[in-house]
> 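This is the structure I want to talk about, given as C-alpha cells.
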Amino acid sequence: MSGHGLPVGTYGYDATDRAFLADRVDEFRDQVQRRLDGALSEDEFKPLRLMNGLYLQLHAYMLRVAIPYGTLSAIQLRGLAAVARRHDRGYAHFTTRQNIQFNWIRLEDAADILAELAVVDMHAIQTSGNCIRNVTSDEFAGAAADELVDPRVYAEILRQWSTLHPEFSFLPRKFKFAISGSPQDRVAARFHDIGIVARRDDAGRIGFGVHAGGGLGRTPAIGIPMREWLPEEELLAYMEAILRVYNAHGRRDNAYKSRIKILVQALGAEAFTRAVEDEFAAMPRHRFRLEPKTVAAIAARFGTPALEAPADAAAVLAADRAADPAFDHWVSTNTHPHRDPGHICVVLSLKPTGGIPGDASAAQMDAVADLAERYSHAEIRVSHLQNLAFGHVRRDRLRSLWQELAALGLASANAGLIGDIVCCPGLDYCTLANARSIPIAQRISDRFADAELQRRIGPLRINISGCINACGHHHAAGIGILGVDKKGEEFFQLTLGGTAESDVAIGQILGPSLPEAEAVVAIERLVETYLSLRTGEERFLDTYRRLGNRPFKEAVYAAA
Amino acid sequence: MDVRNSRRQDGRSSVITANSLRGGQVVWLGAGDPLGDGWRERIEQATPVPNDAIAKALDRAAAAEAARVVIGIYGVELDPDSPTPMPVTERERIRAAGPSVRTDLGPQACLAGGDQGAHR
Ligand code: SF4
C-alpha cells in the first residue's frame with residue numbers, strides 16, 4: 001500500500017465507477033441471453049459482444065481484457081489468473097496493446113467472467129470497435145529516472161474524456177493513443193493515431209509533443225508532428241480538435257482507408273495540421289481546459305509508493321553484481337534506472353527460450369502477483385513488447401528477486417535482445433491470419449538461445465505478425481517478419497530497418513517471401529552479415545543504415 | 001465467407017464446419033440432426049460431401065444457424081490423399097486439431113488423453 005492508502009499505480013475506482021461496471025455486466029448478460037433466446041440475431045449481437053471485448057476466433061470465443069495504461073495491481077493479476085484457471089485453459093496472452101487475451105471462452109460464461117473481472121475493477125470496454133481504445137503508456141511510468149510526468153494520470157484523463165464521448169463512440173475506425181511520460185519514447189508514439197510524448201519547452205516548462213496519423217498495418221505511417229510543445233492545460237482541447245477533424249473528414253466507406261493516417265496522407269500534413277489548428281482556434285476551448293486542480297484530483301486517485309531503501313542499497317547491488325556474472329548480465333539487460341537512487345525498474349521477460357512470446361500460465365500470474373507484493377508495492381506493469389515489469393524494486397533486494405524469477409522461468413536476460421521477440425498469435429489462434437507466427441518465433445528463439453551470442457549481437461528487435469494487420473508490429477523492428485499466404489502455403493516476408501523508438505523508421509521489404517525453414521535460415525544470415533560488417537559499437541540498425549539493404553539481400557538470396 | 005476456405009476442386013470432397021454458438025468450439029457436421037446432435041467436435045466424425053453437392057448441403061445446414069445451434073457455417077475441402085479427413089489448408093487443419101504450438105489443447109489433446117477442458 002502507498003502513502004495515500006491507495007493501490008500503487010492503478011486508478012482507484014469509486015462507487016460510481018463500480019456501479020457503471022455492474023450496469024455494463026448486467027446489460028451484457030441480458031444481451032447474451034437474448035442472443036441465446038433468439039431475440040437477437042448474430043448480426044445484431046456481434047457489435048454488442050465486440051463492445052465487450054468478445055471475439056470469435058479459430059478455436060473458441062476470445063475475450064480481450066483492458067489493462068489501462070498497462071498497470072495492474074497484484075489483486076487484479078490474481079483476478080486474471082483466476083479467470084484463466086476457471087474459465088479458460090490455465091493461461092492467457094499479453095498483447096502489444098497492453099491487453100490480455102483469453103483464448104478458450106464460452107459465450108455462456110462471458111457475463112460471469114465480466115462480473116468476476118468487475119470485482120477487481122477490470123473490464124473489456126474499449127478493447128474493440130471503432131472507438132478510442134485502451135490508452136497505452138510506458139512500462140516504467142511513475143518510476144523512471146528520465147520521466148517528466150506520470151503518463152498514467154494523463155492516460156486516465158484521456159480515458160475519462162473519451163469513454164462514452166457521444167461523438168467518439170462511432171468513429172470512422174478504431175483509434176489508438178499512446179503516451180510517454182519521458183522524452184525518451186518508450187511507447188512507439190509515432191506509430192499511433194495520436195502519440196503524446198512529455199517534453200520541456202525552452203523555458204523548462206513541462207508539456208507535450210503531439211504526433212498524429214501514425215500507424216502500422218497495411219499502410220505503415222510515421223505520425224506527423226502536430227505540436228512540438230503543447231501546454232498541459234490545452235491537452236484535451238487539442239485532442240478534441242484532432243478527433244473532430246478526423247470524425248468530420250475520415251472515410252467511412254472503405255475500412256482500408258478509414259484510419260486517421262490515410263486522412264493525413266490524403267489531405268497532406270500541412271492541410272491536416274491547418275484543419276486541426278483552425279478547429280482548435282474556433283472551438284470553445286475553455287470547455288476543454290485541463291485545470292491543474294483536475295490533474296491533481298486524478299493524480300490523487302493513484303496510489304504512490306513510499307520509497308524507502310537503506311542508504312547502502314546501491315552499494316549492495318554493486319557488490320551483488322560483481323559477485324555473480326549471470327546476475328550482472330541480467331541487470332544490464334533487464335533493468336532501467338529509477339528516479340530514486342535506492343530503487344530500480346525491472347523487466348520480467350515473457351520470452352523464455354523456445355516459448356510463446358507473451359503467454360503466461362495462471363500459476364505464473366499468481367506467483368508474479370505474490371512477488372509484486374513482496375518486492376514492488378503490489379504493482380505490475382505490462383509492456384507493449386509483451387513483457388511484464390516491476391516499477392519500484394529496492395536495489396539491495398534485486399538479486400533475491402532475480403533468483404525467485406528464475407525459478408518461475410521469468411528471468412531470461414534478453415530484454416531488447418534478439419530473444420525478446422514480439423509475436424502476434426498468428427494462425428494458431430487468429431481467424432484473420434495468413435500464417436503461423438509463433439512457431440517461427442520459437443525456432444528463432446531456440447537458434448539464438450545462447451546468452452553470450454545474444455549479448456554479442458546486441459540490441460536487435462525481431463517482430464512477427466501473422467497477417468498485414470500487423471498486431472506483431474513487424475514494421476517497427478530491425479528485422480520484421482510478416483506471414484503471407486501463397487496458394488494456401490505459409491510464407492514469410494522480411495522487412496529490415498524499422499524501429500519505434502526515438503529514431504523511428506518503417507522497416508523496408510528485403511525481397512521475395514520465403515517458406516518457414518528458409519526464413520529462419522535467412523535470419524541467421526542477416527545476423528551473420530551484420531556481425532561481419534559492423535564497426536565499433538554499431539547496433540544492427542546502425543549497420544543497416546550505413547550500408548543499406550544490399551549486403552543483407554545478397555546474403556539471404558544469393559545462396560537461395 | 002473467407003475466400004481461403006471456399007476453394008473447391010472437382011472430384012474432391014468437403015466437410016461442413018461451424019462454431020458452436022454457446023461454447024464457441026469448432027464443430028463438424030456428421031450423421032445426425034443438424035439441429036441437434038449432428039455437430040461433432042472431432043473432424044473424424046464429420047460426413048464428407050462431394051464438392052458438387054456441397055452447396056446444397058450447406059443450404060440445408062443453414063437451418064442450424066437460424067436455430068441458434070452454431071454460427072459461421074462453411075465447407076472445408078479435404079485432402080484426397082489423406083486416409084483420414086484432413087483439410088487441405090493449414091488453417092482448417094489447425095481448427096480441426098488445436099493450436100500447433102499447444103498440442104496439449106484442443107481435439108488433438110484428447111487423442112493423447114491430455115486436454116482437461118475440451119468437452120466442457
Ligand atoms: S497480425 Fe493478423 S494474424 Fe496476427 S493477431 Fe493480428 S490479425 Fe491476427
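To find a chain, count down the sequence lines: A is the first, B the second, and so on, and within it residues start at 1. What you are looking at is a predicted structure, and each value in this text was computed from that prediction instead of being measured.
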> Quick one, B:Ile71 and A:Phe45 - any side-chain contact, counting heavy atoms below 4.5 Å?
no
> Looking at side-chain heavy atoms only, is the closest gap between A:Tyr91 and B:Arg102 below 4.5 Å?
yes
> Just wondering, more than 12 heavy atoms not from A:Glu42 lying within 6.0 Å of its CD?
yes
> Would a 4.5 Å heavy-atom cut-off, applied to side chains only, mark B:Arg22 and A:Leu107 as touching?
no
> How close do A:Leu58 and B:Asn19 get, counting heavy atoms only, and between which atoms?
O-ND2, 3.8 Å
> Heavy-atom distance under 4.5 Å to chain B: side chain of A:Gln57, backbone, both or neither?
backbone
> Flag the one option from B:Ala67, B:Gly23, B:Gly72 with the top tally of heavy-atom pairs under 4.5 Å to chain A.
B:Gly23
> Indicate whether any N or O donor in one side chain lies under 3.5 Å from an N or O acceptor in the other, for B:Arg91 and A:Thr431.
yes
> Select one option (side chain, backbone, both, neither) describing which atoms of A:Glu108 are under 4.5 Å from chain B's heavy atoms.
both
> With a 4.5 angstrom heavy-atom cut-off, is it the side chain or the backbone of A:Asp37 that approaches chain B, or both, or neither?
backbone
> For residues A:Arg436 and B:Val101, determine if any side-chain heavy atom of one lies less than 4.5 Å from a side-chain heavy atom of the other.
no
> Side chain, backbone, both or neither: which part of A:Leu56 has a heavy atom under 4.5 Å from chain B?
side chain
> Report, as yes or no, whether the 6.0 Å neighbourhood of atom CG on B:Asp59 holds more than 12 heavy atoms from other residues, nucleotides or ligands.
yes
> Measuring from B:Arg95:CZ to A:Asp428:CG, what's the distance to the nearest 0.5 Å?
14.0 Å
> Do B:Glu90 and A:Glu490 have side chains that get closer than 4.5 Å, going by heavy atoms?
yes
> From A:Trp104 CH2 over to B:Leu105 CG, what is the distance, rounded to the nearest 0.5 angstrom?
5.5 Å
> CZ of B:Arg68 to CG of A:Leu40: how many Å apart, nearest 0.5 Å?
10.5 Å
> Checking A:Tyr61 side chain against B:Leu21 main chain: does a donor-acceptor pair fall under 3.5 Å?
yes
> Against chain B, label A:Leu36 side chain, backbone, both or neither, depending on which of its atoms sit under 4.5 Å from a heavy atom there.
both
